[in-house]
Amino acid sequence: MADPKGFLTTGREIAETRPVSERVKDWNEVYVPGSLLPVISKQAGRCMDCGIPFCHNGCPLGNLIPEWNDYAYREDWAAASERLHATNNFPEFTGRLCPAPCESACVLGINQPAVTIKNVEVSIIDKAWGNGDVTPQPPERLSGKTVAVIGSGPAGLAAAQQLTRAGHTVAVYERADRIGGLLRYGIPEFKMEKSHINRRIEQMRAEGTKFRTETEIGKDIDAAKLRRRYDAVVIAAGATVSRDLPVPGRELNGVHFAMEYLPLANKVQEGDLTVAPITAEGKHVVVIGGGDTGADCVGTAHRQGALSVTQLEIMPRPGEDRNANQPWPTFPMLYKVTSAHEEGGERVYSVSTTHFEGDENGDVQSLHLVEVEFKDGRLEQKPGTERSIPAQLVTLAMGFTGTDQANGLVQQFGLELDERGNVARDADFATNVGGVFVAGDAGRGQSLIVWAIAEGRSAARGVDRYLTGASALPAPIRPTDRALTV
């Protein structure tokens, strides 16, 4: 235990954000560069080195949190980085994007603010990159086996890196023009600058992983032919089918899925476009969906110069403290103010959209909503609460329903689906088709980035064992494992 009194003498401090007036004028990350380093060692010293570290239960990766907290407290950054990478291929991604269920499970969080685990994590990895401690780890010898990974999100990249380091020849297929999946085009630049992805890709290239962009399996390459070409295949295509809102007026111009809107803003930052074809500039914007993707739309709209931004959520507003039915160490549903919400806009809870209204040109102009409440477990409209709000751009950020079947990948492989529409798999992440495995949201359904990386690592073990008969690769989770909730 680094500092036996750290949790008693040191209060919680989190990363400092840049002023709203400054950051909404650019697309850089919202945090003040270097603001954590002066405080992070003391923050790591708040870790109690618990006999049973429940933060491990909160994180599906099994991160060795007390160990790298201790190294960070002592400012042994190389050792901290080694412990961090022992369980996580991409801590710079999780340190920026994960909602930190590990902090919800922190023992200190029973009656005090939890340890800033996420901030310590990102500080360690940023320091490691700066010090040159992150280097390629090519395999000592090749196995002669080949693996195709379909999808380059966190699950696909984690599986690819693990299998490459195990000595297999791995090629990652991505249908977009750049590697990264939703990390690249679904996450705005102000949440994670894409330079973090780029340097990981270069590390993986140096280790031997091959990348094939603008290649969609099922359309550009027949899935069955791909299976014959490789000794094994990992499907990590995500759950990319957006949940729709089938109400009158849905067909109007200006009503878009979030994943139609957000990638265009990222393409502007990549230099592919001068102006996004779908933009919030000079418009009243309504975001339907109260989750992280909705918040990404809010922050993007602010930076594009929206006249107003309103975010709608069908559920009641969560409380700011744990409910009795969400006890420690479960992940509680709390009222969360993201950096995007700090920048302005209105959040409206317990409302449902009834229809959209447009002008003579077919462009959306307003959204009609009604207040709702739960009665006897059913959602009912409250009479007399109907109203309309201006809306020239509407983004639907209501989550995802499953993996894409329109491109033919599922049918061409002959994959079986589970009752929720995900690709079915066994205890080794193997599908019903010999040599074909599935990892990430394609098999689990929509989930968090830490679960995606854990899935990729675990599926890699299943593939390695299939190819060689045994495996020393770690498998932090089983396909049936679920988050620590009630």
Side-chain angles (χ1 to χ4, degrees), residues 7 12 14 43-44 46-69 87-88 91 93-122 154-155 239 289-295 313-338 341 347 349-350 374 377 379 398-400 418 420 422 440-441 443-455 457-458 475-486:
F7 68 96
R12 177 181 167 105
I14 60 174
Q43 289 302 304
R46 297 181 70 235
C47 180
M48 302 168 68
D49 192 19
C50 308
I52 301 177
F54 276 81
C55 53
H56 288 193
N57 296 75
C59 178
L61 284 166
N63 281 337
L64 307 172
I65 296 167
E67 294 185 35
W68 43 257
N69 272 330
T87 57
N88 187 352
F93 301 165
T94 54
R96 287 172 167 83
L97 303 176
C98 182
C102 54
E103 293 187 18
S104 298
C106 173
V107 174
L108 183 58
I110 294 175
N111 60 2
Q112 290 188 47
V115 175
T116 56
I117 298 171
K118 181 176 173 179
N119 281 182
V120 176
E121 177 181 26
V122 79
D292 287 340
T293 302
E313 169 58 56
I314 198 169
M315 300 299 290
R317 172 177 162 163
E320 297 186 11
D321 299 309
R322 284 182 183 269
N323 290 329
N325 64 348
Q326 296 176 346
W328 175 90
T330 62
F331 188 72
M333 297 299 295
L334 300 176
Y335 180 71
K336 184 168 67 171
V337 180
T338 69
H341 297 129
R347 304 167 76 178
Y349 292 88
S350 298
F374 281 94
L379 196 65
M398 303 180 298
F400 303 89
D418 63 20
R420 305 188 70 176
N422 305 314
D441 291 0
R444 175 170 293 271
Q446 181 184 353
S447 190
L448 303 178
I449 184 172
V450 281
W451 282 95
I453 296 174
E455 287 249 344
R457 290 171 66 87
S458 299
I477 60 171
R478 298 164 297 183
T480 53
D481 287 344
R482 291 296 180 265
L484 189 63
T485 59
V486 291

Undergrad: Would you mind reporting whether Arg322 and Ser104 have side-chain heavy atoms less than 4.5 Å apart?
TA: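 They are in contact (side-chain heavy atoms under 4.5 Å apart), so the answer is yes.
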
Undergrad: Do you know the tightest heavy-atom contact between Pro99 and Phe331?
TA: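 Shortest heavy-atom contact: O-CE1, 3.9 Å.
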
Undergrad: Side-chain contact, heavy-atom cut-off 4.5 Å: Leu61 with Arg457?
TA: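 Yes - at least one pair of side-chain heavy atoms lies under 4.5 Å apart.
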
Undergrad: I'd like to know if the side chain of Asp418 and the backbone of Arg420 have a donor-acceptor N/O pair within less than 3.5 Å.
TA: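 Checked: pair present.
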
Undergrad: Where do Asp441 and Ser447 come nearest, in terms of heavy atoms and distance?
TA: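 Closest pair (atom of Asp441, atom of Ser447, distance): OD1-N, 3.5 Å.
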
Undergrad: I need the Lys118 NZ to Cys59 SG distance, nearest 0.5 Å.
TA: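 SG of Cys59 is found 12.5 Å from NZ of Lys118.
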
Undergrad: Specify the closest pair of heavy atoms between Pro476 and Pro60, including all atoms of both residues, with the distance to one decimal.
TA: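 Of all heavy-atom pairs spanning Pro476 and Pro60, the closest is CB-O, 3.4 Å.
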
Undergrad: Do Asn63 and Cys102 pass the side-chain contact (heavy atoms from CB on, under 4.5 Å) test, and can you show the C-alpha distance, the side-chain angles, and the key distance before you say yes or no?
TA: CA-CA 9 Å; Asn63 281 337; Cys102 54; over 6 Å; no

Undergrad: Counting only heavy atoms from other residues, nucleotides and ligands, does the tally under 6.0 Å from CZ of Arg482 exceed 12?
TA: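 Counting other residues, nucleotides and ligands, CZ of Arg482 exceeds 12 neighbours.
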
Undergrad: Going through the distances and angles, do Asp292 and Lys336 end up as a side-chain contact (heavy atoms from CB on, under 4.5 Å)?
TA: CA-CA 10 Å; Asp292 287 340; Lys336 184 168 67 171; 3.0 Å; yes

Undergrad: For the CE atom of Met48 and the CZ atom of Phe7, what is their distance to the nearest 0.5 Å?
TA: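 Spacing of CE (Met48) from CZ (Phe7) equals 4.0 Å.
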
Undergrad: Identify the two heavy atoms, one from Thr116 and one from Arg12, that lie closest to each other, and give their separation to 0.1 Å.
TA: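 That would be CG2-CG, 3.5 Å.
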
Undergrad: Judged by atom type as modelled, is there a donor-acceptor pair below 3.5 Å linking the side chain of Glu455 to the main-chain atoms of Ala155?
TA: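 Here the side-chain-to-backbone pair does not exist.
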
Undergrad: Show your reasoning for whether side-chain contact (heavy atoms from CB on, under 4.5 Å) applies to Arg444 and Ile477.
TA: CA-CA 12 Å; Arg444 175 170 293 271; Ile477 60 171; 3.7 Å; yes

Undergrad: Just verifying a value: how many Å separate Ile14 CD1 and Glu103 CD, rounded to the nearest 0.5 Å?
TA: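 Here the interatomic distance stands at 9.5 Å.
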
Undergrad: Rounded to the nearest 0.5 Å, what's the gap from CG on Asn69 to CD on Gln43? Could you check?
TA: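 It is 10.0 Å, given to the nearest 0.5 Å.
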
Undergrad: For a 4.5 angstrom cut-off between non-hydrogen side-chain atoms, does Asn88 reach Phe93?
TA: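 No, their side chains stay 4.5 Å or more apart.
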
Undergrad: Between Pro318 and Tyr349, is there a side-chain heavy-atom distance shorter than 4.5 Å?
TA: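 With C-beta onward as the side chain, the pair touches.
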
Undergrad: Report the C-alpha separation of Arg46 and Val120 in whole Å, then their side-chain angles, then the decisive distance to 0.1 Å, and conclude whether the side-chain contact (heavy atoms from CB on, under 4.5 Å) test is met.
TA: CA-CA 11 Å; Arg46 297 181 70 235; Val120 176; over 6 Å; no

Undergrad: Are the side chains of Ile117 and Cys55 in contact, using a 4.5 Å heavy-atom criterion?
TA: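 SC-SC contact between Cys55 and Ile117 confirmed.
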
Undergrad: Less than 4.5 Å apart, side chain to side chain, heavy atoms only: is that true for Trp328 and Asn111?
TA: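 No, too far: nothing below the 4.5 Å cut-off.
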
Undergrad: Taking the side chain as everything from C-beta on, heavy atoms only, tell me whether Arg347 gets closer than 4.5 Å to Glu313.
TA: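 No, side chains not in contact.
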
Undergrad: Can you confirm whether more than 12 heavy atoms, excluding those of Leu334, are under 6.0 Å from its CG atom?
TA: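 Count over threshold, so yes.
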
Undergrad: Closest heavy-atom contact between Ile453 and Pro154?
TA: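 Smallest interatomic distance, heavy atoms only, reads CG1-CB, 3.9 Å.
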
Undergrad: For the residue pair Pro332 and Gln326, what are the closest heavy atoms and their distance?
TA: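 Looking at all heavy atoms of both residues, the shortest contact is CA-OE1, 3.5 Å.
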
Undergrad: Quick one: does Glu121's side chain get under 4.5 Å of Thr94's, heavy atoms only?
TA: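 SC-SC contact between Glu121 and Thr94 confirmed.
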
